[in-house]
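Accompanying notes for the structure given below.
Numbers for residues simply follow the sequence, beginning at 1.
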Amino acid sequence: MTKFSYKLKMEIVKQYLNGDSSIKLCRKYGIRSCSLVLNWVDRFKQYGEKGLTVRSIQRKYSSADKQNILNWMKLNCASYPETALHFDITSPSLIYRWQRSFELYGISGLDNKRLGRPTMKHKKKLQPDKTDRNVMKDYEEMKRLKDENMMLKIQNEYLKKLNALDQDEQLDKKHK
């Protein structure tokens, strides 16, 4: 879901074109950056109402497309917003990220890579080989002993609590 609807963007652009300042509009509608309002106005001037519509499908850019866009920006000494407007890219920061990747990693930095954390590999539980009966018996015996040990610990704690309550009850009888 987008933060600003088409109707709100259209209303803000109309108010800007009628003479309201971008600072005033940002304060009125709680927008953090005045450049966002100016970006909407530029998109409206360039593409009309279509420039403010919310895009449901994100466009994928190939490595060659990214290279061409960065080359055009460099040749025309254009800013990120100007380049985004020229190529109908909704977010100028996308171009900044491409340029940063290109500077750090070269052309390979422009390749489409999957983002986010890599998938976790599931570790296999260490279980004995089922064909070896002796090992299997030992494994089952160890598991049974662990379960029994846990039950005895729980029983021991229960008896301690019961003993403490009994002692408190006897103290209360003595003081009365």
Side-chain angles (χ1 to χ4, degrees), residues 1-12 22-40 43 52-63 65-66 69-70 80-81 84 88-176:
M1 181 173 189
T2 59
K3 192 170 183 176
F4 302 103
S5 68
Y6 167 78
K7 289 180 182 180
L8 180 65
K9 290 178 190 177
M10 199 65 211
E11 180 65 29
I12 292 171
S22 60
I23 295 171
K24 179 182 174 185
L25 293 169
C26 285
R27 287 184 185 144
K28 181 178 179 181
Y29 292 101
I31 300 171
R32 290 186 179 174
S33 173
C34 294
S35 63
L36 188 57
V37 172
L38 297 175
N39 185 15
W40 293 338
R43 292 188 63 73
L52 299 178
T53 55
V54 177
R55 295 182 185 173
S56 59
I57 299 173
Q58 297 293 326
R59 183 174 167 203
K60 304 265 189 216
Y61 295 94
S62 68
S63 180
D65 290 338
K66 294 174 188 177
I69 292 168
L70 291 175
Y80 298 115
D88 193 21
I89 299 172
T90 55
S91 176
S93 63
L94 183 61
I95 299 168
Y96 170 77
R97 288 197 310 257
W98 294 343
Q99 184 178 23
R100 186 83 174 120
S101 288
F102 180 71
E103 289 170 357
L104 291 174
Y105 306 108
I107 292 177
S108 64
L110 298 178
D111 292 337
N112 292 326
K113 298 175 192 129
R114 186 177 171 129
L115 299 176
R117 288 183 167 182
T119 57
M120 291 181 60
K121 295 179 182 175
H122 296 287
K123 294 181 180 178
K124 293 182 180 178
K125 288 185 178 179
L126 296 176
Q127 290 187 346
D129 186 10
K130 293 180 181 178
T131 57
D132 190 358
R133 295 192 188 272
N134 290 335
V135 174
M136 195 62 173
K137 286 180 184 177
D138 290 345
Y139 175 76
E140 289 172 0
E141 179 68 15
M142 182 70 84
K143 188 172 178 2
R144 187 189 65 75
L145 288 172
K146 283 182 178 180
D147 290 343
E148 184 179 337
N149 191 23
M150 181 62 73
M151 290 302 292
L152 289 171
K153 285 181 180 179
I154 292 170
Q155 186 179 13
N156 193 17
E157 289 297 318
Y158 175 76
L159 291 173
K160 284 181 184 178
K161 266 295 191 206
L162 191 63
N163 191 18
L165 289 172
D166 190 36
Q167 287 178 358
D168 288 345
E169 197 175 284
Q170 288 176 2
L171 286 173
D172 287 343
K173 286 181 183 178
K174 285 184 181 179
H175 291 294
K176 288 184 181 180

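Residues Arg43 and Ile89 approach most closely at NH1-O, 3.5 Å, considering heavy atoms. The shortest heavy-atom contact between Phe4 and Lys9 is O-CE, 3.5 Å. In plain terms, the two heavy atoms of Leu70 and Phe102 that are nearest each other are CD1-CB, 4.2 Å. Across all non-hydrogen atoms, the minimal contact from Ile95 to Ala84 is CD1-N, 3.5 Å. Heavy atoms only, all atoms of each residue included: Asp111 and Ser63 are closest at OD1-OG, 3.5 Å. Pairing each heavy atom of Gly109 with each of Ser101, the nearest pair is O-CB, 3.4 Å.
Distance CG/Leu25 to CG/Leu36: 11.5 Å, rounded to 0.5 Å. Taken from CD1 in Ile31 to CG in Leu8, the straight-line distance is 6.0 Å, to the nearest 0.5 Å. The distance from atom CG of Asn39 to atom OG of Ser91, rounded to the nearest 0.5 Å, is 8.5 Å. The CG atom of Asn156 sits 10.5 Å away from atom CG of Asn149, with the distance rounded to the nearest 0.5 Å. Remark: Asn163 CG to Asp168 CG distance equals 10.0 Å, nearest 0.5 Å. Taken to the nearest 0.5 Å, the CZ atom of Arg27 stands 10.0 Å off from the OG atom of Ser22.
Residues passing the side-chain hydrogen bond (donor to acceptor under 3.5 Å, both in side chains) test with Tyr61, sequence neighbours excluded: none. Every ring-ring contact (aromatic ring centres under 6.0 Å, His included) that Tyr96 has, sequence neighbours left out, goes to Tyr80. Under the side-chain hydrogen bond (donor to acceptor under 3.5 Å, both in side chains) criterion, Arg144 pairs with Glu141, Glu148, sequence neighbours left out.
Leu104 CG: more than 12 foreign heavy atoms inside a 6.0 Å radius. Within a 6.0 Å radius of OH in Tyr29, more than 12 heavy atoms belonging to other residues, nucleotides or ligands are found.
Side-chain contact check for Met150 versus Lys146: every heavy-atom pair is 4.5 Å or farther apart.
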